Amino acid sequence: MSKLRDAVNNVDLKRFRFWFQLAAFVLFVYGGYLAINLGNSLPMFSCGYIRDGRAGVCYLLPLQHQLARPWPQLFSYAGVAVLTGFAIFALWFIVLNKGWCGFVCPLGTLQDWLTSLRQKLGIRQSGYTHEQFRRLTWIKYVLLALLLLIPLGIGGGLWSHEVGAPFCQICPGRMVLPLFVGDFSQWTIDFSSPGKIVLTALGMGITGLFIVGAFVKKRFFCFFCPMSALHYLLSKPALLRLRKDGSKCTRCGDCYTACDMEIREIADDVTRKEIMTDDCTLCLKCVAACPEKGALKVDFANITFFESTEEGFIKRMNKGIRK
Amino acid sequence: MRGGGDGVLWLSDQAPRRDGGGRPGGARGGMAGMGGMAGMDDSGMGGAPGRIPNKRLWLRSGSNPLTAGSVPASEPVLLLDAQQQASSIDVEAHGGPYNVTFPMPEPGVYNAYFVRRAVDQETLAVTVAKAEVMRSAGHSKVEGEAQLMVPRTDSRVPVEIVRERKDGEGLFTRINYGDTIRFQVLRDGKPVQNARVSFTSGQGWSNSVQSDEDGRAGFVVIRDYFPEWREFDRRHRETFVVSASFPVDQAGEWQGSPYHSVRYTTTLAGAYYPAIEDYESYAWGLGIAVVALLFSGTAVYLYRRRRVRPYREVSFDE
């Protein structure tokens with residue numbers, strides 16, 4: 001048992017993540033061709049606009065459609081469908097917590113691949129200042145609120161159905177992910193109504209920004225992702241958890257340096273045990289980068305299965321964990 | 001040329017107007033459109049879960065959808081449901097325009113046939129009005145959808161038009177402006193050569209061709225919807241009517257009346273919609289993405305350049 005634990009703690013996380021992410025990407029982008037269908041309440045960007053290849057649909061798409069139902073329906077029988085969809089989403093989410101972002105989300109994986117490309121080209125990365133970080137971190141909550149309120153407004157007759165599923169219209173995943181099955185049909189501006197023009201133009205602009213942003217900044221889009229905000233609101237009962245023992249932390253800052261999301265609390269906060277913040281993607285790089293035994297650990301249903309160790313740190317350092 | 005009022009019978013899911021013509025009313029969107037017809041009655045899509053959607057079809061007269069009115073009739077409709085089970089649907093006895101209603105419990109293609117035979121001036125007129133109605137499962141794929149989409153015929157129907165499917169067509173696929181749609185005219189299941197096949201668009205434009213040796217005829221769906229931009233509706237639905245007619249030298253007797261020839265006429269109606277090319281632009285999409293990419297890329301580059309401190313030599317004056 002201790003050998004198994006040592007093997008897990010000494011794992012080459014970078015390689016493990018690469019293969020895990022690749023497998024998840026193939027599953028959710030091409031799984032539909034093998035008749036795999038995991039439903040339409042998935043807690044990550046398995047894009048519904050991948051028509052045939054998708055193995056499931058990101059929950060935000062059906063959620064927006066459901067909330068746009070006329071209010072008399074929404075607050076009667078259609079409300080059951082909303083609650084059912086949300087319950088299934090929550091069940092999926094509870095298993096992996098924000099690990100869906102760090103290990104499964106195809107759009108997140110794509111950003112990691114762009115980061116790898118940048119590193120191979122020898123171009124340095126960009127980062128936010130602490131002040132920029134503090135200001136920008138609210139954007140995902142604003143997007144989440146708009147994502148919920150605009151469809152509700154449509155259902156109430158305040159806006160036209162033309163702006164239905166507004167977040168999907170501006171999400172770069174709609175444009176980028178279908179490319180992997182050879183579908184370029186989303187790269188258009190829809191001139192059928194003023195609302196469509198604005199949203200599709202915004203979507204194309206954000207896609208251009210996404211490509212540059214994800215190239216120069218690790219996990220650029222995750223910082224603004226409303227799914228990430230929704231995750232955090234539900235993360236309390238999740239089974240997969242990131243925990244910190246502040247008494248073992250020397251505040252060396254290795255975890256902060258390794259963090260794609262530049263979360264300062266991971267290094268600075270030595271009082272909280274539940275150290276996962278709303279921006280965290282549970283990529284577990286911080287655990288892998290920590291040299292102090294047991295300072296950072298990952299629990300599943302309160303059972304620790306991966307924790308920081310000196311031996312693991314040295315092994316990973318020798319392989320170049322921060323390449 | 002404009003299609004005229006010629007007494008051609010066809011089945012429509014849109015009720016004729018009370019004044020006997022004009023633009024049909026009662027259209028409801030949401031139905032998988034191709035060759036099928038939009039609109040369900042009140043228990044249809046968008047209704048409460050668990051309720052079986054119903055479909056209502058009206059018999060209309062005149063190949064021009066713009067002016068086709070209602071026509072009295074009493075014949076039942078032969079229905080071939082999604083599972084290929086046949087049943088007879090009686091006309092609703094309410095005194096209004098001829099219409100029949102049938103349930104559509106399963107996703108798939110439902111074929112409805114109105115068949116009329118009458119002898120006039122020693123010629124037996126056999127008229128078959130066919131409707132091909134599709135029920136989809138929203139945007140979701142239906143298991144075995146490709147199989148469900150295979151066009152079907154029925155041996156009890158003397159003559160019919162079969163619409164050939166587009167590549168990869170599903171229950172949610174639509175016919176759009178610019179598409180070429182092909183039909184096959186069959187009599188007793190066999191192709192009919194040299195039948196006169198006419199296509200009439202929703203605005204009454206029509207074209208006629210002769211069917212080839214395989215009974216096939218094709219038409220390009222023209223765009224006949226030119227609203228002001230602010231009134232443009234990407235879901236705008238028009239109805240086309242395809243009719244085929246041909247004579248056959250055949251003598252016999254029908255209900256005590258002798259005849260020396262038979263005139264077959266068959267129709268099939270369907271719906272078509274604006275093409276994506278009518279309202280979406282790749283050039284603008286790519287243009288905006290490239291501008292955003294170049295702008296943000298340049299901004300990042302310049303920002304980084306500005307933050308690079310120039311080399312300054314420090315010399316000590318000894």
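All values below were derived from every heavy atom in this structure, side-chain atoms included, with hydrogens, water molecules and symmetry-related copies excluded. Protein chains get the first letters and strands the later ones, always in sequence-line order, with residue 1 at the start of each. Since we're looking at a predicted model, the values are computed, not measured.
- You'll find the side chain of A:Met204 stays beyond 4.5 Å of the side chain of B:Val291, heavy atoms only.
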Legend entry - salt bridge (Lys or Arg N to Asp or Glu O under 4.0 Å) evaluation trace for A:Glu162 with B:Arg235: CA-CA 11 Å; A:Glu162 294 298 331; B:Arg235 297 182 185 86; 3.4 Å; yes
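- Under a 3.5 Å cut-off, the side chain of B:Trp229 and the backbone N or O of A:Phe191 do form a donor-acceptor pair.
- Between B:Ser281 and A:Thr188 there is no side-chain heavy-atom pair separated by less than 4.5 Å.
- Of all the listed residues (A:Ser76, A:Pro194, A:Gly32), the one sharing the greatest number of non-hydrogen pairs under 4.5 Å with chain B is A:Pro194.
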Inset, instruction - Any chance you could lay out the side-chain contact (heavy atoms from CB on, under 4.5 Å) test for A:Asp190 and B:Arg234, step after step, and finish with the verdict? - result: CA-CA 10 Å; A:Asp190 186 336; B:Arg234 59 192 281 181; 2.5 Å; yes
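- The side-chain heavy atoms of A:Lys217 and B:Val300, taken from C-beta on, include no pair separated by under 4.5 Å.
- Heavy-atom distances place no part of B:Arg307 under 4.5 Å from chain A, backbone and side chain included.
- Looking at A:Leu209, both its backbone and its side chain come within 4.5 Å of chain B, counting heavy atoms on both sides.
- Of all residues spanning residues 122-131 of chain A, those with a heavy atom less than 4.5 Å away from chain B's heavy atoms are A:Ile123, A:Arg124, A:Gln125, A:Ser126, arranged by number.
- With chain B as partner, the option from A:Val57, A:Val216, A:Ile206 having the largest number of non-hydrogen pairs under 4.5 angstrom is A:Val216.
- The minimum heavy-atom distance linking B:Ser296 with A:Gly208 is given by the pair OG-O, 4.1 Å.
- Heavy-atom pairs under 4.5 Å with chain A peak, among B:Trp284, B:Tyr282, B:Tyr303, at B:Tyr282.
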